[in-house]
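The structure appears below as structure tokens.
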Amino acid sequence: MTLLAIRDVHKSYGALEVLKGIDLTVEAGEIVGFIGASGSGKSTLLRCINHMEAPTRGEVLLEGETVGVKKVGDRHVPRSSAELSQQRRKMAMVFQHFNLWPHKTALENVMEGPVVVQKIEREKARAKALAALARVGLADKADSYPSRLSGGQQQRVGIARALALEPQIILFDEPTSALDPELVNEVLAVIQGLANDGMTLIIVTHEMRFARDVCDRVVFLDKGRIADIGPPSHIFGATANARTQEFVRNYYG
Amino acid sequence: MEYDWNFAIVWDYRAVLLRGLLYTVMLAAITIVTSMILGLVLALLRGSKVPFVYPVISTMISVVRAVPVLVLLVWMYYCLPIITGLKLEGFTTVVIALSIYSSAFFAEIFRGGIQSIDRGHIEAAQSVGMTRGQVFQRIVAPLAFQRIFPPLVNQCILVLKNTTLAGYVAVPELLYLGQQISVRTFRPLELLTVVAVLFVVTIVPLTLAAEYFEKKYREKYFR
Ligand SMILES: Nc1ncnc2c1ncn2[C@@H]1O[C@H](COP(=O)(O)OP(=O)(O)OP(=O)(O)O)[C@@H](O)[C@H]1O
Ligand SMILES: [Mg+2]
């Protein structure tokens with residue numbers, strides 16, 4: 001079943017065209033990796049998917065519904081903020097710099113979405129948030145403020161915050177790039193666990209080994225276009241694309 | 001140079017002075033509330049994307065900040081009635097003039113606080129599905145408030161001290177009453193001293209409380 005469809009997505013900032021027509025469909029349960037050089041448009045594409053940035057052309061569909069805009073006749077009109085808000089929470093996001101809210105405990109960070117956006121009763125939301133924290137192995141840190149947590153722990157809370165929304169898909173933007181090397185694995189292990197549980201994931205990453213081991217498909221972005229795409233065996237092996245080969249060689253070591 | 005201090009006379013007028021202090025505190029409290037609300041509105045409008053709103057608001061803020069507050073007050077009290085034919089009471093005029101003046105400063109403080117919020121924290125809030133209003137209420141406002149707490153307290157103290165200008169339009173605040181008593185008793189030095197002490201004992205606890213709360217939340221959230 002196609003969960004997400006990206007159709008001819010373009011994004012420009014003034015004269016700078018960052019995305020030059022991206023087409024991609026993601027099946028439910030699929031793990032898709034985005035790789036590519038700095039500035040190739042990986043984060044921009046992720047932000048166009050959940051409409052944090054509005055594409056300048058093209059559209060994104062989640063379960064067949066256009067994200068952020070809707071068709072009235074043959075015109076696109078922006079969705080109400082309530083509609084967009086419900087769509088966004090189905091595509092939870094995990095950030096490179098964690099972006100936990102410093103004035104809330106780990107538990108409160110995780111509860112915030114369910115309580116404020118989904119309007120779930122506090123006690124139920126609390127149970128849900130605790131379950132999400134347990135799933136990333138941090139039930140014992142529920143009452144800690146982010147400033148007391150290590151980078152790896154903060155990122156795991158970030159993942160729990162995404163999980164508590166019960167999203168259809170989770171978007172990761174370089175979830176381990178800001179971490180000290182010894183903390184990378186605990187986060188990757190959590191993501192691996194989600195993959196094993198059948199979650200649909202899109203992961204922007206520079207961790208080539210991880211992309212090779214976990215992803216069903218890997219997308220190589222180059223200057224705003226999909227330059228190469230295929231299963232890891234293709235991207236990290238059989239591809240005939242010279243740019244992919246060069247990129248992978250540089251990062252893979 | 002010898003001066004024969006006599007605070008006994010001041011003691012005779014203690015009830016009047018306390019009434020003045022109460023009046024001052026009340027005047028300041030009302031002004032602080034109105035100018036904070038006005039300041040917040042200005043700060044939010046200034047951030048709005050509606051055309052012309054930004055230049056109009058920021059020009060207004062610059063003009064108001066450039067006029068000495070005493071000039072603004074006296075001008076409103078004497079000139080405005082001539083121009084508009086509308087004569088307001090001294091108390092009302094003081095509240096309005098001080099509120100306009102202080103709101104320009106509060107607006108700058110609020111704006112700085114809102115702008116200082118990490119984009120990432122806002123994006124995280126959007127990504128869980130919060131609407132603009134929810135992002136402001138749940139994330140931006142509390143984080144900004146913590147950050148601007150010290151300058152906010154400072155500005156409140158300035159408002160409190162600026163209320164002494166109300167005497168120029170015969171509003172019976174603490175300094176005005178002190179001066180009236182000193183004219184009657186020929187004891188200006190004692191009265192000024194007492195007025196100063198009364199301001200100090202009002203303001204210093206406020207400062208200490210503010211420092212205490214700031215330290216508390218820093219330890220809690222940003223250690
Ligand atoms: N809000 C913006 N305004 C203007 N230019 C932008 C904006 N956001 C991104 N860009 C530009 O778009 C290009 C792609 O940025 P993007 O962040 O998507 O790259 P990336 O592939 O995620 O790179 P990295 O690996 O460094 O994270 C860059 O040249 C960047 O400067
Ligand atoms: Mg990026």
Side-chain angles (χ1 to χ4, degrees), chain A residues 43 46-47 49-53 68 79-105 108-119 143-149 154 157-158 161-167 170-173 178, chain B residues 40 43-45 47-51 54 109-153 209-223:
Chain A
S43 299
L46 224 50
R47 296 157 60 82
I49 292 175
N50 76 353
H51 213 76
M52 214 103 93
E53 298 283 354
R79 284 187 188 272
S80 72
S81 65
E83 282 177 321
L84 178 57
S85 136
Q86 289 310 320
Q87 289 187 317
R88 283 217 178 110
R89 77 109 191 126
K90 294 185 196 163
M91 299 180 280
M93 204 161 192
V94 174
F95 300 86
Q96 181 175 358
H97 297 286
F98 332 131
N99 296 351
L100 297 185
W101 302 302
H103 60 308
K104 295 180 184 294
T105 62
E108 288 165 347
N109 265 274
V110 179
M111 278 174 71
E112 193 70 6
V115 170
V116 176
V117 179
Q118 292 170 278
K119 312 260 185 256
D143 296 322
S144 301
Y145 283 93
S147 60
R148 310 276 173 117
L149 299 175
Q154 288 188 51
V157 174
R161 177 169 68 182
L163 281 174
L165 300 168
E166 295 178 343
I170 304 181
L171 312 171
F172 292 85
D173 194 355
Chain B
L40 186 60
L44 292 176
L45 281 180
S48 105
K49 294 188 178 72
V50 182
Y54 176 83
I109 295 173
F110 288 134
R111 188 176 65 107
I114 291 170
Q115 282 180 344
S116 76
I117 303 306
D118 185 348
R119 282 279 336 147
H121 293 145
I122 296 171
E123 286 179 0
Q126 291 172 334
S127 82
V128 303
M130 285 192 212
T131 58
R132 270 174 66 107
Q134 287 169 336
V135 176
F136 184 78
Q137 191 200 333
R138 307 285 309 175
I139 308 299
V140 175
L143 285 175
F145 180 74
Q146 289 168 2
R147 202 154 301 173
I148 64 178
F149 190 64
L152 220 48
V153 172
E211 276 168 13
Y212 174 78
F213 285 120
E214 205 210 334
K215 192 162 154 273
K216 265 274 186 266
Y217 79 66
R218 277 204 188 287
E219 277 170 5
K220 194 165 163 194
Y221 304 126
F222 301 106
R223 209 179 59 98

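Protein chains get the first letters and strands the later ones, always in sequence-line order, with residue 1 at the start of each. All values below come from the heavy atoms of this structure, side chains included, with hydrogens, waters and symmetry mates left out.
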Using a 4.5 Å cut-off on heavy atoms from C-beta on, say whether the side chain of B:Gln126 contacts that of B:Met130.
-> no
Among B:Pro142, B:Gly133, B:Gly129, B:Ala125, who wins on heavy-atom pairs under 4.5 Å with chain A?
-> B:Gly129
Taking every heavy-atom pair that is under 4.5 Å apart, which of B:Glu123, B:Arg119, B:Arg132 has the most such pairs with chain A?
-> B:Glu123
Which region of A:Leu100, side chain (C-beta onward) or backbone (N, CA, C, O), has a non-hydrogen atom less than 4.5 Å from a non-hydrogen atom of chain B, or is it both or neither?
-> backbone
Is it the side chain or the backbone of A:Glu112 that comes within 4.5 Å of chain B heavy atoms, both, or neither?
-> side chain
Show the numbers, then the answer: is there a side-chain contact (heavy atoms from CB on, under 4.5 Å) between B:Phe110 and B:Leu152?
-> CA-CA 9 Å; B:Phe110 288 134; B:Leu152 220 48; 4.0 Å; yes
May I ask you to check whether B:Tyr217 and B:Phe213 place their ring centers less than 6.0 Å from one another?
-> no
Answer key: most heavy-atom pairs under 4.5 Å with chain B among A:His51, A:Met91, A:Lys104 is A:Lys104
May I ask you to check if B:Arg138 and A:Trp101 form a cation-pi contact, with NZ or CZ under 6.0 angstrom from the six-membered ring centre and within 45° of the axis?
-> no
Distance only, no hydrogens: is a donor on one side chain within 3.5 Å (strictly under) of an acceptor on the other, for A:Ser43 and A:Asp173?
-> yes
